[in-house]
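Written out below as structure tokens is the structure these notes cover.
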Amino acid sequence: MSDIGVTVKKGDNFSEWYTEVVLKSGMAEYSPIKGCMILREQSYSVWEKIQEVFNRKIKETGHRNVYFPMFIPESFLKKESEHFEGFVPEVAWVTEGGSTKLEEKLAIRPTSETIIYATFAKWIRSWRDLPIKINQWCNIVRWETKATKPFLRTREFLWQEGHTAHMTSEEAEKEVMDILGEYRDVMENYLAIPVLVGVKTDSEKFAGALYTTTLEAIMPDGKALQMGTSHNLGQNFAKVFDIKFIGEDEKEHKVWQTSWGISTRLIGALVMVHGDDKGLVMPPKVAPTQVVIVPITYKAADSEAILEKAKEILEKLKAKGFTAVLDDRAEYTPGWKFNQWELKGVPVRIEIGPRDLKQEQVTLARRDTYQKTTAKMGEAVQATEKLLEEIQSNLYARAKAVLEEKTTTVQDYEGFQKALRNNGGFIKAAWCGNPECEEKIKEETGATIRLKPFEKEKAVGNCVYCGKKDGEIVYFAKSY
Ligand code: 87F
């Protein structure tokens, strides 16, 4: 048994617990290539759900999906050297085709700004060609040198990258915020993970951007995780790639751009935030399987009737659009099945045993609290539906409570260090805006400014590092 189930407790060794859960639940598997993992059915279907939800949203607002090549000529990245310099050590290259050395080596895309914007320059002539709002779902390669971890840091991962070009700065600004709002909706209302939103400081923003907006969640170990970013690129790339249009005023202008992305990293967050000692806990809205029905057939006399009821309920659940599975395998005991479905995080388990049959009821077990209730056989579907909604909101509420519990407001550096040691999590503190204070704090504590909140807090204080008056409130944390 110990071989099959999770053997490490979440509270004892968080990192080992995480690895065990992703491997044993059937989410991920290591591959022969270091830092590259296999996404199995259990995680890929969450990714498909994210794709479904996000595709619907962006298509409603006029974005279209496209696909650009994964190879990027070296000269393209060099054009952009100012913005990409810091990233160069992470780029993977193709230098040969067959046995012939390539004239120009090709990068395997670490992100697609350069190839997409070189193409924008060809597409855009007049203001009538704008806006362009495209997105692609693809894989990305970044040759990480730090220790890798499934979903959180791998050399290859899946993401979506959106790229837009607009006539005006205002339009680009709106796009950045609209996308940020859609990301927040995916994270909070589907993945049930509360996030803080705000702007990165200059030292943490994407070098190619005017500013970077971000969504940050807190993990149970007190470290923050960047969940997604939406950048206002201003005219930085338009200048480098010469993307211009003739406006209604018949004059030449440079376009205003945005880019934004979320990745399979979100799946790692999902595991860490909701999982427990028995394995995954899937929020119903993204669960690959929402309901499992386990017939408890001890006595041959009843088993036929029990199975029949189980099948009836299965069909009704499916007809209502739920993803439900009937686990009628005879070769496993109910207890074994319970463990297995708990490991996979299925939100609701419906049990039907001889006693349930006699009393014309079903037993419902919820994955988040392990609570069991009964419902009349004829009301099993409605009861399940209601339970799924409750689980979805309870998971969010639980995570929100953790976020609040792991947020500490401090007045001075001593309080800062103490909070970081004791509780980890987000530390709200005033900062004078000087990058030197930011850098010193990073050096001395390992914590960085995760974001400057959009809603400026009225209460300003003295800079937590230098003590200068009237700093703005920002959120610090150690991060993944
Ligand atoms: C690693 C190697 C080369 C991040 C890199 O955030 C280049 C890069 O440009 C790089 N790591 N970035 C920044 C990516 C910016 C932006 N791209 C579109 C996003 C979202 C999607």
Side-chain angles (χ1 to χ4, degrees), residues 35 50-51 54 58 63 65-68 70-94 105-120 132-146 148 152-165 172 175-180 182-183 186-187 197-200 202-216 225-234 236-238 240-241 257-266 450-451 479-480:
I50 292 171
Q51 291 184 317
F54 192 66
I58 60 173
H63 302 79
N65 283 329
V66 297
Y67 186 79
F68 278 74
M70 73 180 304
F71 299 119
I72 302 179
E74 183 183 25
S75 54
F76 280 49
L77 288 183
K78 277 196 169 154
K79 256 192 180 178
E80 238 292 289
S81 53
E82 193 191 319
H83 305 142
F84 283 108
E85 219 160 29
F87 295 126
V88 169
E90 280 184 14
V91 177
W93 298 97
V94 175
K105 60 179 182 171
L106 301 172
I108 303 175
R109 67 179 158 227
T111 183
S112 306
E113 274 82 358
T114 55
I115 188 160
I116 293 181
Y117 301 162
T119 311
F120 276 8
I132 292 182
K133 304 204 277 186
I134 60 167
N135 177 67
Q136 73 175 359
W137 296 93
C138 62
N139 61 336
I140 286 293
V141 172
R142 292 177 188 172
W143 217 252
E144 297 285 351
T145 45
K146 289 190 207 157
T148 58
L152 301 180
R153 187 179 296 120
T154 50
R155 285 179 168 175
E156 182 188 19
F157 57 91
L158 305 183
W159 79 351
Q160 63 66 218
E161 50 179 318
H163 296 272
T164 69
E175 173 77 6
V176 169
M177 293 308 290
D178 286 352
I179 293 296
L180 197 71
E182 300 299 2
Y183 282 163
V186 171
M187 292 160 198
V197 294
V199 192
K200 288 286 185 192
D202 280 346
S203 73
E204 295 282 330
K205 79 174 172 75
F206 171 35
L210 281 187
Y211 62 85
T212 293
T213 66
T214 180
L215 306 99
E216 307 268 330
L225 186 73
Q226 181 175 300
M227 304 278 282
T229 48
S230 176
H231 311 282
N232 187 336
L233 305 176
N236 290 348
F237 283 89
V240 177
F241 288 92
Q257 293 181 270
T258 79
S259 77
W260 24 275
I262 51 175
S263 73
T264 38
R265 180 173 240 220
L266 293 180
R450 302 317 300 159
L451 56 78
S479 73
Y480 274 96

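Note that the structure is predicted; figures quoted are calculated from it, not measured. Indexing begins at 1, ligand by ligand and atom by atom, following the structure's order.
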Item to check | Ile72 vs Val91, side chain to side chain contact (heavy atoms under 4.5 Å, CB included): CA-CA, chis, key distance, verdict | outcome: CA-CA 11 Å; Ile72 302 179; Val91 177; over 6 Å; no
Checklist entry - Going by the atom numbers of ligand 1, which of them fall below 4.0 Å from some non-hydrogen atom of Pro110? => result 1 (C), 2 (C), 3 (C), 7 (C)
Next on the checklist: If you apply the rule side chain to side chain contact (heavy atoms under 4.5 Å, CB included), what do you find for Ile58 with Asn65, and how did you get there?
Outcome noted: CA-CA 9 Å; Ile58 60 173; Asn65 283 329; 4.2 Å; yes
Item to check | Short N or O distance, Glu161 and ligand 1, threshold 3.5 Å exclusive | outcome: no
Checklist entry - Counting heavy atoms only, which part of Trp260 comes closer than 4.0 Å to ligand 1: side chain, backbone, both or neither? => result backbone
Checklist entry - Any nitrogen or oxygen of Gln160, main chain or side chain, under 3.5 Å from a nitrogen or oxygen of ligand 1? => result no
Next on the checklist: For the backbone of Gly208 and the side chain of Asn236, can you confirm whether one donor and one acceptor N or O come within less than 3.5 Å of each other?
Outcome noted: yes
Item to check | Residue and atom name of the nearest protein heavy atom (relative to atom 6 (O) of ligand 1), distance in Å to one decimal | outcome: His231 NE2, 2.7 Å
Next on the checklist: Can you report which non-hydrogen protein atom sits closest to atom 16 (C) of ligand 1, along with the distance?
Outcome noted: Glu113 OE2, 3.2 Å
Item to check | N/O donor-acceptor pair under 3.5 Å between Glu161 side chain and Ser112 backbone | outcome: yes
Checklist entry - Under the 3.5 angstrom rule, does the side chain of Tyr183 hit a backbone N or O of Gly261 as a donor-acceptor pair? => result yes
Next on the checklist: Which heavy atom of Ala238 sits nearest to which heavy atom of Gln257, and what is that distance?
Outcome noted: N-OE1, 3.4 Å
Next on the checklist: Are any of the N/O atoms on Glu90, whether in the backbone or the side chain, positioned under 3.5 angstrom from an N/O atom of ligand 1?
Outcome noted: no
Next on the checklist: Among all protein heavy atoms in this structure, tell me which lies nearest to atom 11 (N) of ligand 1, with the distance rounded to 0.1 Å.
Outcome noted: Arg142 CZ, 3.0 Å
Checklist entry - Heavy-atom contacts under 4.0 Å between Phe87 and ligand 1: side chain, backbone, both, or neither? => result both
Item to check | Residue pair Thr212 / His231, side-chain donor-acceptor N/O under 3.5 Å | outcome: yes
Item to check | Test of proximity, Thr229 against ligand 1: N or O pairs below 3.5 Å | outcome: yes
